[in-house]
Amino acid sequence: MSRVRAEFLDLVERLADRAPLPAVRAVHLPPSAADGTRDGEFCAVELEDGSLGLSFVLLGDTLARLRAPGRHDALTGMPAPALARCHAHSEAAQRTLGFAALNALTRHLFDRAGYLPPPAGGSIGDLGLHPGDHLGMVGLFPPLVKQVLATGAQLTVLELRADLAGAREGWHVTLDAGELARCNKILSTSTVLLNDTLDALLERCRHAQRVALIGPGAGCLPDPLFARGITSLGGSWVVDAEAFKAALRAGQPWGRFTRKVSISREDYPGFDRLLDAAYPHSKESP
């Protein structure tokens, strides 16, 4: 288990020590009709208090395993921390469910503490791009390319697909992770938290001024990430739970039932303050 996963779960244990937590109510999956579309990329774990946590489902055979008959029967009523511990599992499907549960517990804590993450300033991680900046984008996000180039910043995209590599007009795609060392700002999908590539990414980006993780699955407790040099975490905050769940299960667009948020390292109150605000009259076990 990676160290960052262990730190996530340490925070979950501290939360569970402070007070009883809601159990798992349901796991929501996209239908097979949404396969191959953006609407089929995420699942959600729902807790009994209505908290929802999202996780990416397209790593390996994760989605097929999650759809296996009876897979979720034992999850209903499971203590949420127990499911979150599956984030340490070697199997991708178990790890995915665990991460979704971790994200749901994060939403539970934020709501209890009265913490509402600030709205995101845009789709490029609130990186404040300007002429002279050089952005390293981990994974090609075609809709964001024009936004980046419009700021006057240089753009280098790191990809795994060899067919995408090469020069474009004003930017280029590379297979060489070493090129990230030339970038002063980094934008990455939060999938690096699922596929164990976070540490390798941060090693390549240790000289960057700003490093942002973004994506619907970026709903976890940010403390271990901020301690490692991540400067902002941008995710999706569900604002209409019933409509969101219905859209996800139907394979329909659900973005309009969420709002994009961005938590910066400078302004985040920290886990300890949130825990005290959420459960002011409870005490952690010694």
Side-chain angles (χ1 to χ4, degrees), residues 1-12 14 53-56 59 84 87-88 95-96 98-100 102-103 105-107 109-110 115-129 133-139 141 144 148 153 155-158 177-237 260-275:
M1 177 172 58
S2 70
R3 185 58 196 159
V4 69
R5 285 190 203 168
E7 291 177 16
F8 281 140
L9 297 182
D10 285 345
L11 294 178
V12 168
R14 287 186 57 196
L54 280 66
S55 192
F56 187 68
L59 294 180
H87 187 46
R95 200 160 64 237
T96 295
F99 191 57
L102 170 65
N103 288 343
L105 284 169
T106 301
R107 177 63 186 264
L109 174 63
F110 285 2
Y115 175 63
L116 186 64
S123 299
I124 49 179
D126 289 346
L127 288 169
L129 294 176
D133 285 331
H134 189 166
L135 178 68
M137 183 182 290
V138 182
F141 301 90
L144 302 185
V148 173
L155 175 61
T156 294
V157 177
L158 176 64
E179 290 198 38
L180 294 178
R182 300 189 295 108
C183 303
N184 70 318
K185 296 182 178 179
I186 303 293
L187 181 68
S188 171
T189 171
S190 57
T191 306
V192 297
L193 301 174
L194 281 174
N195 63 10
D196 280 341
T197 58
L198 175 67
D199 289 339
L201 169 67
L202 294 178
E203 177 62 24
R204 300 289 188 182
C205 307
R206 62 184 182 276
H207 300 303
Q209 299 166 359
R210 306 284 298 176
V211 181
L213 296 187
I214 65 169
C220 56
L221 292 163
D223 305 71
L225 304 176
F226 290 165
R228 282 168 168 74
I230 301 297
T231 57
S232 63
L233 189 66
S236 295
W237 184 271
K260 293 185 184 299
V261 297
S262 181
I263 303 174
S264 71
R265 185 171 61 184
E266 295 84 358
D267 299 328
Y268 173 61
F271 176 80
D272 291 331
R273 288 181 59 187
L274 292 172
L275 186 61

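Just so it is clear, the values below take in all heavy atoms, side chains as well, and ignore hydrogens, waters and symmetry mates. This structure is a prediction, so every number in the text was calculated from the model and none was measured. Quick note: residue numbers are just sequence positions, from 1.
Here the CD1-OG distance, from Ile230 to Ser190, works out to 10.5 Å after rounding to the nearest 0.5 Å. Here the CZ-CG distance, from Arg228 to Leu201, works out to 12.5 Å after rounding to the nearest 0.5 Å. Between Thr191 atom OG1 and Phe56 atom CZ the span is 5.0 Å, to the nearest 0.5 Å. We find the NE2-CD distance between His134 and Gln209 to be 13.0 Å, quoted to the nearest 0.5 Å. With rounding to the nearest 0.5 angstrom, the OG1 atom of Thr231 is 12.5 Å from the CD1 atom of Ile263. With values rounded to the nearest 0.5 angstrom, Leu54 atom CG is found 12.0 Å from Thr96 atom OG1.
Residue Leu194 comes nearest to Arg95 through the heavy atom pair O-NE, 2.9 Å, listed as atom of the first residue, atom of the second, then distance. Of all heavy-atom pairs between Leu275 and Arg14, the closest is CD2-NH2, 4.1 Å. Of all the heavy atoms in Leu9 and Ala88, the pair that sits closest is CD1-CB, 3.9 Å. In terms of heavy atoms, Leu144 sits closest to Met137 at CB-CE, 4.0 Å. Here the closest non-hydrogen pair linking Leu274 and Pro269 is CD2-CG, 3.8 Å.
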Evaluation steps, side chain to side chain contact (heavy atoms under 4.5 Å, CB included), between Phe99 and Arg5: CA-CA 9 Å; Phe99 191 57; Arg5 285 190 203 168; over 6 Å; no

Audit row: Arg210, Leu187, side chain to side chain contact (heavy atoms under 4.5 Å, CB included) steps and yes/no: CA-CA 9 Å; Arg210 306 284 298 176; Leu187 181 68; over 6 Å; no

Donor-acceptor pairs under 3.5 Å, side chain of residues 215-226 to any protein atom, not counting sequence neighbours: which ones?
residue: Asp223; atom: OD1; partner: Tyr268; partner atom: OH; Å: 2.7
residue: Asp223; atom: OD2; partner: Phe271; partner atom: N; Å: 2.9

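Here the side chains of Val138 and Leu180 are in contact, with some heavy-atom distance below 4.5 Å. The shortest distance between side-chain heavy atoms of Ser2 and Leu198 does not fall below 4.5 Å. Using a 4.5 Å heavy-atom threshold, the side chains of Val12 and Leu102 count as touching.
Ion pairing between Arg3 and Asp199 fails under the 4.0 Å rule for side-chain N and carboxylate O.
Partners of Asp133 according to the side-chain contact (heavy atoms from CB on, under 4.5 Å) rule, which considers only residues two or more places apart in sequence or in another chain, are Leu129, His130, Ala153, Asn184, Lys185. Evaluation of the ring pair (Phe, Tyr, Trp, His ring centres under 6.0 Å) rule for Phe141 yields no partner, not counting sequence neighbours.
Under the side chain to side chain contact (heavy atoms under 4.5 Å, CB included) rule, Leu213 has a single partner from Thr189, Ile186, Leu233, which is Leu233.
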